[in-house]
Amino acid sequence: ISAIVNEVLNCSHSSPRILAKLIGSLQAATDAVTLGKLLLRPVQWAYKSLVRQPVENWDLQLLLSPELKDALVTWTNPSLLSAGVPLVTPLPSTTIYTDASTLGWGANLSPKFLTAKGLWSPAEKRLHINVLELLAVRRALSHWVSLLQNTSVMICTDNASVVTYLKHQGGLKSRTL
C-alpha cells in the first residue's frame, strides 16, 4: 500500500483512474488498519472535490491538491499499516450516554456515575442538530479522556445519524459531520 501511495505522492498530477484504483486499494485495507475507514475519509473527500462525477475522461491528468497529498501521507506510516486490529472487538468497559439540544449538551459516564454538560456558543447554536449531537459525543470523550485511555467505550445516543457516522467511522454525505 505504501508503495502505491508513494507513487501518487511523488507526482504533481494523476488521473481519476489511478486515484480510484488507489482508493480501492486503501478501502480493501481499512478493516486491517486501526481506524482505517476514518483515515480513508479525508482521501475520499479530497478525491470527491477533485474529480467531478460522472467522470468523462478517466485518463485526464489532474493537479493533485495539497489536501489530497496530506491525507495520503498518513498511509505511508509503516507502523500504522503493520499494527493490525483485534480479531474480536473488545466488550465495552465503559458506557457514555449523550444528548444535545439547541441550547446545550449533556453526558453521563457509566459505571462511574459521572456527568458533564455545557452550553453551546451562539455560533454553535446555529448548527444542525445532527452536528450538535455528534459534538456532544466529542465533548464527552474530551471531558473524560484521561479516564477512557486503554478502555473500550460504548457510545449511546438518540441520534440515528450520529450512530451511523460512528459505526462507519465517518461518511461522505455530510462534510460537517
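In this text the structure is predicted, and so the values were computed from the model without any measurement.
Minimum heavy-atom separation, Val85 to Asp31: CG2-O, 3.1 Å. The heavy-atom pair separating Leu132 from Ala100 by the smallest distance is O-CB, 3.7 Å. In terms of heavy-atom proximity, Trp144 sits nearest to Asn108 at CH2-C, 3.9 Å. Between Ser79 and Asn77, the shortest heavy-atom distance links the atoms OG-OD1, 2.7 Å. Between Pro90 and Ser152, the closest heavy-atom pair is O-OG, 3.3 Å. Cys11 and Lys69 get closest at one heavy-atom pair: O-NZ, 2.8 Å.
When only modelled atom types and interatomic distance are considered, Asn159 and Thr157 share no side-chain donor-acceptor pair under 3.5 Å.
Hydrophobic clustering, with ILVMFWY side chains joined whenever heavy atoms are under 4.5 angstrom apart, groups Val8 together with Leu39. Taking hydrophobic clusters as Ile, Leu, Val, Met, Phe, Trp and Tyr residues chained together by side-chain heavy-atom distances below 4.5 Å, Val5 does not share a cluster with Trp45. Leu38 and Leu26 fall into different hydrophobic clusters, where Ile, Leu, Val, Met, Phe, Trp and Tyr are joined by side-chain heavy atoms under 4.5 Å apart, directly or via other members. Leu141 is not connected to Val163 by any chain of hydrophobic side-chain contacts under 4.5 Å among Ile, Leu, Val, Met, Phe, Trp and Tyr, and they are in different clusters. By the criterion of side-chain heavy atoms lying less than 4.5 angstrom apart, applied directly or through intervening Ile, Leu, Val, Met, Phe, Trp or Tyr residues, Val43 is grouped together with Ile4 in one hydrophobic cluster.
For the pair Ser25 (side chain) and Lys21 (backbone), a donor-acceptor distance under 3.5 Å is present. Here the side chain of Ser101 pairs a donor or acceptor atom with the backbone of Leu103 at under 3.5 angstrom. Judged by distance alone, with hydrogens and angles left aside, the side-chain atoms of Gln27 form no donor-acceptor pair with the main-chain N or O of Gly24 at under 3.5 Å. Side-chain atoms of Thr34 come within 3.5 Å of backbone atoms of Gly84 as a donor-acceptor pair (strictly under, hydrogens ignored). Without hydrogens or angle criteria, Tyr165 side chain to Ala160 main chain gives no donor-acceptor distance under 3.5 Å. Using modelled atom types, no side-chain atom of Ser110 and backbone atom of Phe113 make a donor-acceptor pair closer than 3.5 Å. When atom types are taken as modelled, the side chain of His168 and the backbone of Gly170 share no donor-acceptor pair closer than 3.5 angstrom. For Lys48 (side chain) and Leu172 (main-chain N/O), a donor-acceptor pair under 3.5 Å exists by modelled atom type. Between the side chain of Trp120 and the main chain of Arg126, no donor-acceptor pair closer than 3.5 Å is present. A donor-acceptor pair under 3.5 Å is formed between the side chain of Arg52 and the backbone N or O of Ser49.
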If you apply the rule salt bridge (charged side-chain N to carboxylate O under 4.0 Å, His left out), what do you find for Arg175 with Glu67, and how did you get there? CA-CA 14 Å; Arg175 192 155 193 150; Glu67 179 187 31; 2.5 Å; yes
Val131 vs His128, side chain to side chain contact (heavy atoms under 4.5 Å, CB included): CA-CA, chis, key distance, verdict: CA-CA 5 Å; Val131 177; His128 190 278; 4.3 Å; yes
The test is side chain to side chain contact (heavy atoms under 4.5 Å, CB included); show your working for Leu62 and His13 and say whether it passes. CA-CA 5 Å; Leu62 302 168; His13 292 73; 5.8 Å; no
Given side chain to side chain contact (heavy atoms under 4.5 Å, CB included), test Cys156 with Thr98 step by step and report yes or no. CA-CA 6 Å; Cys156 295; Thr98 65; over 6 Å; no
When you look at Val162 and Leu166, which way does the side chain to side chain contact (heavy atoms under 4.5 Å, CB included) test go after all the steps? CA-CA 6 Å; Val162 171; Leu166 290 174; 3.8 Å; yes
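With rounding to the nearest 0.5 angstrom, the CG atom of Leu109 is 9.0 Å from the NE2 atom of His143. With rounding to the nearest 0.5 Å, the separation of CG in Asn10 from CG in Asn6 is 6.0 Å. Separation of atoms CG (Leu63) and CG (Leu50) is listed at 8.0 Å; rounding is to 0.5 Å. To the nearest 0.5 Å, atom CE of residue Met154 and atom OH of residue Tyr97 are 7.5 Å apart. To the nearest 0.5 Å, atoms OG1 (Thr30) and CD1 (Ile23) are separated by 12.5 Å. In this structure, Leu134 CG and Ile129 CD1 are separated by 11.5 Å, a value rounded to the nearest 0.5 Å.
Between Arg17 and Asp59 there is a side-chain heavy-atom pair separated by less than 4.5 Å. By the 4.5 Å heavy-atom criterion applied to side chains, Leu35 and Gln169 are counted as neighbours. At least one side-chain heavy atom of Trp75 sits under 4.5 Å from a side-chain heavy atom of Val33. Side-chain contact between Leu60 and Val55 is absent, with no heavy-atom pair separated by less than 4.5 Å. In this structure, Val137 and Ile96 have side chains that are not in contact, with every pair of non-hydrogen atoms separated by 4.5 Å or more. Within the 4.5 Å cutoff, no side-chain heavy atoms of Leu19 are placed close to those of Pro16. In this structure, Val153 and Ile155 have side chains that are in contact, with non-hydrogen atoms separated by less than 4.5 Å.
Atom CG of Leu91 has 12 or fewer heavy atoms from other residues, nucleotides or ligands within 6.0 Å. Few gaps surround CD on Gln53; more than 12 heavy atoms of other groups in view lie less than 6.0 Å from it.
A salt bridge is absent between Arg139 and Glu133: the closest approach of a Lys/Arg side-chain nitrogen to an acidic carboxylate oxygen does not fall below 4.0 angstrom.
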